[in-house]
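Naming: A, B, ... by sequence-line order, numbering from 1 per chain.
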Amino acid sequence: MTIEIKGLTVHYGDSQVLDRIDLVLPDRGMTALIGANGAGKTTLLRTLMGLVRPTAGEIIVDGRRMTGLDAEQRPALGLAMVPEGRRLFQGLSVHENLRMGAFARRDTVQIARDFERIYDQFPALVPLRRQLAGTLSGGQQQMCAVGRALMARPRYLLVDEMSLGLSPVVTEDLARTLSRIQETDGTSILVVEQDVELALDITNFGYVMETSRIVLSGPSDTLRANPKIREAYLGL
Amino acid sequence: MITQTIVNGLLLGGLFGIASIGFSIVWGVMGVINLAHTAFITVGAYIAFSLFSTFGIDPLLSIPISIIALFILGYGIQTLIINRATQTNLLLSFVVTFGIDLIIINVVILLFTTDFFSVRPSYSGASFEIGGVVIPVVRVIVFALAFLLGLGCYLLLNRTRLGQAIMATALDRDIVRTMGVNPRRIYAIAAGLGAALAGAAGNLAAIIYPVSPFIGLKFIGAAFVVTVLGGIGSVEGCIIAGLLYGLIQALSASVFGVETQEISAFLIFILILLLRPQGLFGKRFFGEH
């Protein structure tokens, strides 16, 4: 059970933003996708979720081709995303945001338990349950966004730029939570990160994107040791 | 005398509120200013009239029929026309919904001519008196039903899974898709809901006003003023702003004469907007995209 991406190509108008991407997301574990701004990382996640239509190539989730499957049908297959910029429903409360995360699910009893689980993972959200999401601090919003995605009980979780604009303490806290979820649920998590050090730290495998292509991939440890990566992304 | 005026205004205000909620929801959820909204009100009035004159069905009993018929009409128009034509372009939504308005009103004229009809159930002349204030029974019934429909709509939007999906779609129609919500379907449901409320309002209006192809036009000013005053997309705002609108109109008519009532309502509308542009009960973070 994996996500296989083969030759995925995306155009925005005339410009090509993804160029024959090949990538495998294993059925469990943490995978990193790193690269400079504008390399196409976010587009890749949005295409996986069905928000962007590819011009060529295919995405296969657990043996099923995604071609022609609308975005709103994909959560049922176990896909969830923590979007770039969090994109909470600002005018809804924290609790309502979490509930929206479980929209595609029908197992009411388990959903109730999952609320408790999210509040256990993020105790800071408990006193904020009834507060409008738009009034939270950046860190609280990111917890809510991660919690919302987890409420879908995804088998594949795509996390886009989680650390952006957050303090190192909050970022580390969130990263630990992701690792914990990964271990207990056996979720497969793909993290897209500007913070390359953090990304390679918490993942076991990584892909490097440069101008709409995958240029390098390998175990995270190997990538960390790679002189090119050290120079370009880790500033060493 | 002044008490009588206030009571009259508030009783009518309930109807103005319910006539505006659908307009407000459609505007708030999809950014479409639906100029066909008053045509939906007109259709509701004719449904009440037809069922009353043909089958003798009490206009209060025809409300569920108006609601269902208009829901289907609103849902269908949204799916077949508006979803295809526009979702975000306000100018285009004006043109398209104006066209739909013309078509509906002309079909009504074809079927019923431009004659005025009345719907008079047995209780239409009845009234009672409290402390010198005469209160017509019909208006109390209309007010109570308008309030109940408004309350039902509020609960639907704020307390149900579907309502939450509608609100979430209003806030971010892109990201809801990643949670399994189909925005086009939500838009169709919101449009159906808006039309259904307009149908109920028209049905109620038929008991109070003469039924003609222009009955809906009585509410075009109210729809704009009440929606913006109450805060776009806010059901509770609509109800309260509706009452306020009815009150202002009644007071103005009794103090300065009937011909000034629209002017006064719009003047106070402009005044309130200068002081509070988000409306009296505008919800935070809604309508910012």
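- With chain B as the partner, the residue from A/M151, A/M49, A/E96 showing the most heavy-atom pairs under 4.5 Å is A/E96.
- At least one side-chain heavy atom of A/R148 sits under 4.5 Å from a side-chain heavy atom of B/I175.
- Surrounding CZ of B/F147 are at most 12 heavy atoms belonging to other residues, nucleotides or ligands under 6.0 Å away.
- Rounded to the nearest 0.5 Å, atoms CZ (A/F89) and CE (B/M167) are 12.0 Å apart.
- In terms of heavy-atom pairs under 4.5 angstrom with chain B, the leader among A/G50, A/A71, A/A104 is A/A71.
- Salt-bridge annotation for A/D70 and B/R184: absent, with no side-chain N of the basic residue lying under 4.0 Å from a carboxylate O of the acidic one.
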| task | Could you go through the side chain to side chain contact (heavy atoms under 4.5 Å, CB included) check for A/L92 and B/F285 one step at a time? | result | CA-CA 9 Å; A/L92 298 185; B/F285 303 111; over 6 Å; no
| task | Show the numbers, then the answer: is there a side chain to side chain contact (heavy atoms under 4.5 Å, CB included) between A/R46 and B/D174? | result | CA-CA 11 Å; A/R46 289 177 61 82; B/D174 193 32; 3.0 Å; yes
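- Counting only heavy atoms from C-beta outward, the side chains of B/N182 and A/Q73 never approach each other to under 4.5 Å.
- For A/R74, no part lies under 4.5 angstrom from a heavy atom of chain B.
- The candidate from B/P183, B/A165, B/G180 with the greatest count of non-hydrogen atom pairs under 4.5 Å with chain A is B/G180.
- Between A/E72 and B/T178, the closest side-chain pair of non-hydrogen atoms is not below 4.5 Å.
- With a threshold of 4.5 angstrom between heavy atoms, A/M81 approaches chain B through side-chain atoms but not through N, CA, C or O.
- Rounding to the nearest 0.5 angstrom, the gap separating the CG atom in A/N97 from the CD atom in B/Q164 is 9.0 Å.
- For B/F98, the CZ atom counts as loosely surrounded, since its 6.0 Å shell holds 12 or fewer non-hydrogen atoms of other residues, nucleotides or ligands.
- Atom CZ of A/R117 sits in a crowded spot, with more than 12 heavy atoms from other residues, nucleotides or ligands closer than 6.0 Å.
- Residue A/G101 comes nearest to B/M179 through the heavy atom pair CA-CG, 4.1 Å, listed as atom of the first residue, atom of the second, then distance.
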